[in-house]
Asker: 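There's a structure below that I have some questions on.
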Amino acid sequence: MGTDAKLSKKDFDAGVDVRWCPGCGDYAILSTVQRTLASLGVAREKQIFISGIGCSSRLPYYMNAYGFHTIHGRAAPIATGLKLARPDLDVWVITGDGDSLSIGAGHFLHTIRRNVNIKILLFNNRIYGLTKGQTSPTSGRGTRTKSTPGGSIDNPFAPLPLAIAAGATFVARAVDTEAKSLQEVLMAAYAHQGTAVIEILQNCNVFNDGVFDHITGREIKHDKQVQLVNGKPLIYGSDASMGIAMDGLGLRVGKIGSDVQAALLLLHDQAASVGQAFAIAQLEEPVAMGVIRAVAQPTYDSEVTARRPLREEDKSSLEALLRGNDSWSIGARIKI
Amino acid sequence: MGTDAKLSKKDFDAGVDVRWCPGCGDYAILSTVQRTLASLGVAREKQIFISGIGCSSRLPYYMNAYGFHTIHGRAAPIATGLKLARPDLDVWVITGDGDSLSIGAGHFLHTIRRNVNIKILLFNNRIYGLTKGQTSPTSGRGTRTKSTPGGSIDNPFAPLPLAIAAGATFVARAVDTEAKSLQEVLMAAYAHQGTAVIEILQNCNVFNDGVFDHITGREIKHDKQVQLVNGKPLIYGSDASMGIAMDGLGLRVGKIGSDVQAALLLLHDQAASVGQAFAIAQLEEPVAMGVIRAVAQPTYDSEVTARRPLREEDKSSLEALLRGNDSWSIGARIKI
Amino acid sequence: MSVQEKIIEKVVVRFAGDSGDGMQLAGGRFAADTALQRCDLRTMPDFPAEIRAPAGSLAGVSSFQIHFASSPIDTPGDFVDVLVVMNPAALKMDLSSLRKTGILIVNKGQFTAKNFAKAGYPSNPLEDGSLDAYEVHAIDISVLTENSIADLGLAPRTVARCNNFFALGMVLWLYNREIDVTLSWIDSQFTKDTTIRDANKRCLAAGFALGETAEWAQTRFRVPASHLPEGIYRSLTGNQALSLGLVVAGRKAGLDVFLGAYPITPASDILHTMAKMSAAGVITFQAEDEIASIAAALGASYGGALGVTVSSGPGISLKAEAMGLAVMAELPLVILNIQRAGPSTGMPTKTEQADLFQALHGRSGEAPVPVLAAASPADCFDTAIEAARIAIKYRTPVIVLSDAFLANGSEPWHVPSPDHIAPIDPHFCTSPEGFAPYKRDPGSLARPWVRLGTPGLEHRIGGLEKADITGEISYDPDNHERMVMLRAEKINGVKREYGPLELYGDPDAKTLILGWGSTRGAIHGAVSELCAKGTPVAGLHVRHMFPLHAELLPVLNRFESVWVPELNLGQFGYVLRAHGASHVRSLCQIRGLHFRVTDLVQRIEQTLREVQHGN
Amino acid sequence: MSVQEKIIEKVVVRFAGDSGDGMQLAGGRFAADTALQRCDLRTMPDFPAEIRAPAGSLAGVSSFQIHFASSPIDTPGDFVDVLVVMNPAALKMDLSSLRKTGILIVNKGQFTAKNFAKAGYPSNPLEDGSLDAYEVHAIDISVLTENSIADLGLAPRTVARCNNFFALGMVLWLYNREIDVTLSWIDSQFTKDTTIRDANKRCLAAGFALGETAEWAQTRFRVPASHLPEGIYRSLTGNQALSLGLVVAGRKAGLDVFLGAYPITPASDILHTMAKMSAAGVITFQAEDEIASIAAALGASYGGALGVTVSSGPGISLKAEAMGLAVMAELPLVILNIQRAGPSTGMPTKTEQADLFQALHGRSGEAPVPVLAAASPADCFDTAIEAARIAIKYRTPVIVLSDAFLANGSEPWHVPSPDHIAPIDPHFCTSPEGFAPYKRDPGSLARPWVRLGTPGLEHRIGGLEKADITGEISYDPDNHERMVMLRAEKINGVKREYGPLELYGDPDAKTLILGWGSTRGAIHGAVSELCAKGTPVAGLHVRHMFPLHAELLPVLNRFESVWVPELNLGQFGYVLRAHGASHVRSLCQIRGLHFRVTDLVQRIEQTLREVQHGN
Ligand SMILES: Cc1ncc(C[n+]2csc(CCOP(=O)(O)OP(=O)(O)O)c2C)c(N)n1
Ligand SMILES: Cc1ncc(C[n+]2csc(CCOP(=O)(O)OP(=O)(O)O)c2C)c(N)n1
Ligand code: SF4
Ligand code: SF4
Ligand SMILES: [Mg+2]
Ligand SMILES: [Mg+2]
């Protein structure tokens, strides 16, 4: 299968039974991922999906591509090794909030700081789905689950600000069922050279149903989300009457004209300072959607590759390697 | 030993041979820690030092207090368990940049987000000392070590911005040999309720000698550091001519009067927004020293404690527990 | 009235349906009612693998089996006498467990073309003669349920959720029970939505009434009460029993119990259960991973609490390094491994005993750790207490092996009086006089345990080799050898705590069937059956996997053959041979399922024949 | 001239001093010169524990031992003939290794009151008669060094750093060498600072000249060349040899070699060595921890490279879960464990063989993995290649056991011609025809390995149990049992790759001394000595710890007694008994040190006596 053939979503469908709960947000994500790959027209055999463990991490089984469903929390380093050994492949990491932010938090952040050219799709449902509903590191305080019958006392991680603090070169956010914007974000991530972190707000209708309703609900979403467009001011609201401006080292959100001045609205800049990206990623109302940050930096894999002989004939001679610098010969001195 | 007796540094000296390399910055830190405890007048038997593995992690052996030199990267969760079980004790974590930011990165950040009331002293020498000099997660790009003969291609972590992004309620920075300011920071950390993260710039004179000279050098330190004082403007320089002001969502550094206006200098506020703390923690020239952030938030251990019967007699009856809600008796029905 | 009543001694019933069909609930309530009949019983739930598969699919089938009897029983039963299936997928998955001529109750309402397709049936199995060997009762439970509550105005989805109570009513009728107990249970549970409460009650009654009116079965059965000793009973799963045991141990030792855990199937329920016990003084900590969870538990133990951690195979692997530290630090710690089928992620909901090797040997260096294995759900309680007792007395991590079969299975448990459980003395060192961190008790070889905060006993410990007595860091070769030996000897001494070994079956037989862990019931059943059939074999059950009971090898050597049925490739057999019992041989099964007594009987008979014919 | 010359067959020299004294360098150069004399040799560096202790302290002593001879030798030597000590602490630590009447060269300049205190000497050992048993040469090396280079204007610290070259000069003189080789080596090394270069050269010459002028010793020795086969040689440590072996294996297979590592003593040097090999196509990745390092290696293997990871005991524990995944995914992976003394952090710089259990059994579930153990520094090369060959052919993780003794010790290595090393066929599956991810090769039972990026072969794998052939997720009991068996059978089949077993010593003896791993040299030495003394014993060395050689048990059963000297509490003995060789018994030592041949000889003789007297 070359990259030329016209591809459809179905070309990326592995054709096996999908085993998520009916109504799970993962279905919508799967379908958008398949559609995105088709529209990118990429070669199927070059797409590699690496996942950890969790409901989300089942996704690779459903992709007609290469896939490896690995162990809990370790998808990022497995993907790193793969990408370093095989820079010619496109490597996607599929992970959940537990997988990448609990057991896998260290790997997640180290991968980001190295800027390995892999795409991390973080399905954030703020719960451990697969183990039937315990708090995850993104669950809000007070969340009652089987493991926290009295309500959780943990403060949640905010995945994207954390990624930015770790040096992320690309971070974005999208909603499971908003296929169009999710696809846009995926395309931007694919185009980016370096680690791309995409937080996808995903509804687990069995163990955490409606946890994002206050953000994604059909009626309110325009008032609770701001869609980021590079170079455009941060305006939102069903009537576009709300805006976001700088306020000290943070952001002020309010009615344009009264709370914030139209002229002072912040223009979105994906390559702005870390501070700006951090502030936007942190917004809780409205929540920023789309590409928050995208900056060009050398990738880890490209630097590894640059130091390697890539053709067989450029590799140093085995003979010289075996002899080293300190060999001698019985018979005559060769070199000392 | 009660808290009343007048204590001296020597009271906290375990009196065993100290085994760091001659000239190592760890000596100065040890001495300041001992002096600080003495001046705090705390009960020796309530001071518990938990460390991971690394040169820095040897410190507990030298403290006349309780100490546990554990395994690489896991001091923070060990300290967490200890503090939850024994909220009456003062728990100190001694760790290195490798210990807490490489293998222990996940634990470090999770401890911070929970705001467990422990004090983390992070000895940052930007190298693995104990294993004889490999890059650590804080080593700069290009650092040549045994493991990176061609120069490191990893982007370093900035420990304090990362801690802030994880929700840290207290972060501070100090220099190994600056006993006075280190002591001030340690006292503030001790007073703080919650996880305190103190980054101590520490010179490893054997494997990374002088890595902080450009910040801590005697001649230049006033020009390369800004000492934070709560409520006071950010002014620095040997002649106090330099200042720091807000600039968009970041900071501008420059000559007061010409580059930055005196009136607009940022006033340091330990309880300012996360954005402000993040920006200050990120400063590279000058580097911010002292307490960057200190905000009051419920601690994890206090919330755990609040849910527990603390007196033996308040605990639910064992008999009732064993019977549960669904027992029956052979003889007569008791309860179904 | 043509319905007959028949007294029977034991019976196995299984409810099977889609995950959404509430089979666990129906089975659980039937078990509760059975317990009140004072029957002995064992249950075995079987959940679908990990996630909720689409309704009607094979992967989504959930079942609950209960074996009950008027005499003592060992297992949840090999073959099912009465199988209730709520859809074709359940029939497909569970039919093989139904004994020939067994009763099959089918919810005909779900036997639709769509569901046949999902279950992979080419045609309707109710009509193609494939079920002729069974007593089939095909009843449209779906429609009957609908009819019973049509007037309540519930959504069709909610109506369907009542099917299970209808089926439960039918089975209660079949076993000659009353429905009052279940009705009041429904009252107590569904307090929020009274419509749903009423719907469930009506369906239960309707299912029961169906027997009275339609007389769908020719015979009703009655299983008389068994002769359980007087006392208070409750039904307990292995995971509940471990939790309770640990809490009791903590209280008996005057120690807080600290559980560090990270969720994993089939161990998570221990976290869930203990999280509800904070009123009893338990602290639970859901850590960021398995390493942090054992680390936190060890930190708690260091502080003077009883640290406990729990996981399943892959998570236990991650704890190995910290266990090594606990060995070196000589601190109490209880590690629960609720085994599942491996390797790697394996089959997370299925049972296996293949982590014995890991428990015994899965650490670096010479790091001996006592290992106990629980034999039944209720035995988990005693095992947990014994593990804590050893951990505290010997200042050592102790591993407890349970498995998915015990974790979720239940049996009636004679609730002990807390007063009858011996106290545990943590024996904290409190006086600086003569104190040294590694000065051992001459009897147990345990080192002193200091409650942090005790003035005058400040000291430092760590993972580096320590000098004998002083506990200082030491690289001295002689000291290292001495310390390695001392640690080994200390753990070896744990065996002095064990009670006597108890042979059963025919102790004079030439062949010994040796079991360990969760297979006790099945092996006991097989040995009894063989003896009853005139094939003399002896039985022996091992709880103490390490160190071995001092009498074990002498006992084994008294037999010509020793066979170890185990759910792995022969791990305990290997261990016993290594310890010198070279005639031990394993009878292995590794199917993610528990032994069936019948299979074991056959295997043993066959092996006996082989041995007699010398091959 | 009164200096005598004496020809001797073998000698053991040790340089000992403070960490700052450059003993490793002096020893290393002496070894290099010795190699050029074509002697057979073994070296054994001994570093201080972990951190640089204060100058002059016992903890700061660093030493380098070299055994060289005109005949083949096995070990770095039991007892030292010539001991050079640069300060009192070195004397205190190392004197016990010097044989009575041995030569002791002492840097008198450091024998000061302050240094006696640091070393814990109440009085000057040079003056209290305690050294009377030795031939003591107390020379003020410090002052002589100073005098030699006084005119260069170097700082006192820098001057002191030249002491080692002075001492080296003395020893070169003592063994009748020239200094030209070392002088040109100095030229090649100290190119940046010519003053230091010159200082070192002058001190070397001055130390050498001291013999000529002061005639401090009565006798000079000459060890003639040994009869090593013709060819090119180099001196190689075990860590270097493992690195080279893996690179060669990769090239022979046409695969990139990817090393995922996290620093840990004594394994870090493998990362350091391979990091310098990027020109040879090696990728090294210093990961954030051990788990990430094995994960990355597995990811590389998944992509079609040869994934390698390395650590020591505690770090290997952390890799267990990922190894289980590799077992399930059936991908090649080489795992190097450079063992150190445990448990836990233990004694990181000391040697031990106590991770065998962990290698064999330290994973959850039934997860068999081939385990090889290297026998000598040079043998590490062959072992690495064999491990890679097995990993690639059988699509399996393979564990290689080395240890601190091999890691840092060196011996002359006859450099092979790359052409004489057999190629390895990775046998990638390239054609969609008949492809199924778990369709096995009927011979090796290996599954297909697909180089990612191959069109038409897209497929998914993972850690859940897989259906035979298709590799789809399966919870089927029969399938699970089949897959567990297939994996076991595949690994068991690896034994068909092994060469024949080779008995040495007296093959007709009643007693077999069986060794494994790094103790080969000492055991070989002991067996030879016993045979020479008229005590017939046979010797056998095992590289393949799992699966065992098909002939091993039959061979063991030919002997009345089989004794396994091992640096642990008897792990391989346990394993052999478990496999049916019930007469195997271990001779254990667990002191962080290697066996001495003399100790072994005594132990074996004593055990023979015990057996003869039946106790
Ligand atoms: C080592 C290990 N620990 C624990 C588990 C159990 N486990 C499986 S998935 C999971 C968490 C899943 O949460 P998340 O990553 O948020 O995924 P989701 O199911 O919500 O998509 C856990 C704890 C495991 N499989 N392996
Ligand atoms: C599990 C494990 N992995 C690796 C090591 C080896 N190790 C010991 S300390 C260390 C890093 C030390 O670096 P850092 O924390 O920065 O401490 P420093 O020595 O610089 O103070 C490493 C990798 C170990 N002891 N345990
Ligand atoms: S448990 Fe939640 S996340 Fe998992 S499949 Fe079901 S709905 Fe989706
Ligand atoms: S190696 Fe570096 S950090 Fe360690 S003791 Fe020596 S100087 Fe200090
Ligand atoms: Mg989740
Ligand atoms: Mg460091």
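Chain letters run A, B, ... following the sequence lines, proteins first, then strands; residues in each count from 1.
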Asker: If you take all heavy atoms of F381(D) and L322(A), which pair is closest and at what distance?
Answerer: CE1-CD2, 3.7 Å
Asker: Under a 4.5 Å heavy-atom cut-off, does chain D meet the side chain of F49(A), its backbone, both or neither?
Answerer: neither
Asker: Name the option with the most non-hydrogen atom pairs under 4.5 Å to chain A; the candidates are V247(D), L298(D), V282(D), L457(D).
Answerer: L457(D)
Asker: How many angstroms lie between atom CG of L325(D) and atom CD1 of I53(A), to the nearest 0.5 angstrom?
Answerer: 8.0 Å
Asker: Can you say whether E312(A) sits under 4.5 Å from chain D via the side chain, the backbone, both, or neither, judging by heavy atoms?
Answerer: side chain
Asker: Taking side chain as C-beta onward, heavy atoms only, is R74(A) less than 4.5 Å from I294(D)?
Answerer: no
Asker: So which atom in L321(A) and which in R234(D) form the shortest heavy-atom distance, rounded to 0.1 Å?
Answerer: O-NH1, 3.2 Å
Asker: Of the listed residues (G303(D), A292(D), G324(D), A279(D)), which shares the most heavy-atom pairs with chain A below a 4.5 Å separation?
Answerer: A279(D)
Asker: Less than 4.5 Å to any heavy atom of chain D: does that hold for the side chain of L109(A), its backbone, both, or neither?
Answerer: neither
Asker: Quick check on P416(D) against chain A: is it the side chain, the backbone, both or neither that has a heavy atom closer than 4.5 Å?
Answerer: both
Asker: Let me know if L306(D) has heavy atoms under 4.5 Å from chain A in its side chain, its backbone, both or neither.
Answerer: neither
Asker: Using non-hydrogen atoms only, which part of A79(A) is less than 4.5 Å away from chain D: side chain, backbone, both, or neither?
Answerer: neither
Asker: With only heavy atoms counted, which part of S301(D) is less than 4.5 Å from chain A, the side chain, the backbone, both or neither?
Answerer: neither
Asker: May I ask you to name which of H107(A), R307(A), K46(A) has the most heavy-atom pairs under 4.5 Å with chain D?
Answerer: H107(A)
Asker: Within the 4.5 Å heavy-atom criterion, are S327(A) and W413(D) side-chain neighbours or not?
Answerer: no
Asker: Between R460(D) and A65(A) (side chain of the first, backbone of the second, donor and acceptor by atom type, cut-off under 3.5 Å), is there such a pair?
Answerer: yes
Asker: Start with the C-alpha gap between L464(D) and Y61(A), add the side-chain angles, then the distance that decides, and say whether side-chain contact (heavy atoms from CB on, under 4.5 Å) holds.
Answerer: CA-CA 12 Å; L464(D) 288 163; Y61(A) 287 116; 4.1 Å; yes
Asker: Heavy-atom distance under 4.5 Å between the side chains of P77(A) and F285(D), does that happen here?
Answerer: no
Asker: Where do I283(D) and L84(A) come nearest, in terms of heavy atoms and distance?
Answerer: CD1-O, 3.5 Å
Asker: What is the minimum heavy-atom distance between G281(D) and P309(A), and which atoms define it?
Answerer: N-CG, 4.0 Å
Asker: Give, as side chain, backbone, both or neither, the part of L318(A) having an atom under 4.5 angstrom from any heavy atom of chain D.
Answerer: both
Asker: Give, as side chain, backbone, both or neither, the part of V257(D) having an atom under 4.5 angstrom from any heavy atom of chain A.
Answerer: neither
Asker: In residues 85-99 of chain A, which residues are in contact with chain D at a heavy-atom separation under 4.5 Å?
Answerer: A85(A), R86(A), L89(A)
Asker: Taking L452(D), I473(D), L244(D), D256(D) one by one, which has the highest count of heavy-atom pairs under 4.5 Å against chain A?
Answerer: L452(D)
Asker: Chain A heavy atoms under 4.5 Å from D419(D): which part of the residue, side chain, backbone, both or neither?
Answerer: neither
Asker: Side chain, backbone, both or neither: which part of V415(D) has a heavy atom under 4.5 Å from chain A?
Answerer: side chain
Asker: Which atoms of A32(D) come close to chain A, meaning under 4.5 Å heavy atom to heavy atom: side chain ones, backbone ones, both, or neither?
Answerer: neither
Asker: Does any backbone or side-chain atom of F258(D) lie under 4.5 Å from a heavy atom of chain A? Answer side chain, backbone, both or neither.
Answerer: side chain
Asker: Grab the two heavy atoms, one from Y66(A) and one from T454(D), that are nearest each other, plus how far apart they are.
Answerer: OH-O, 2.6 Å
Asker: Can you label the angle between the Y302(D) ring and the F68(A) ring as parallel, tilted or perpendicular, going by 30° and 60°?
Answerer: tilted
Asker: For the atom pair CD (E288(D)) and OG1 (T80(A)), what is the distance rounded to the nearest 0.5 Å?
Answerer: 7.5 Å
Asker: Side chain, backbone, both or neither: which part of A329(D) has a heavy atom under 4.5 Å from chain A?
Answerer: side chain
Asker: Look at G67(A), G106(A), G104(A) and state which one has the largest set of heavy-atom pairs under 4.5 Å with chain D.
Answerer: G67(A)
Asker: Do you know which of R251(D), H414(D), M328(D) has the most heavy-atom pairs with chain A at a distance under 4.5 angstrom?
Answerer: R251(D)
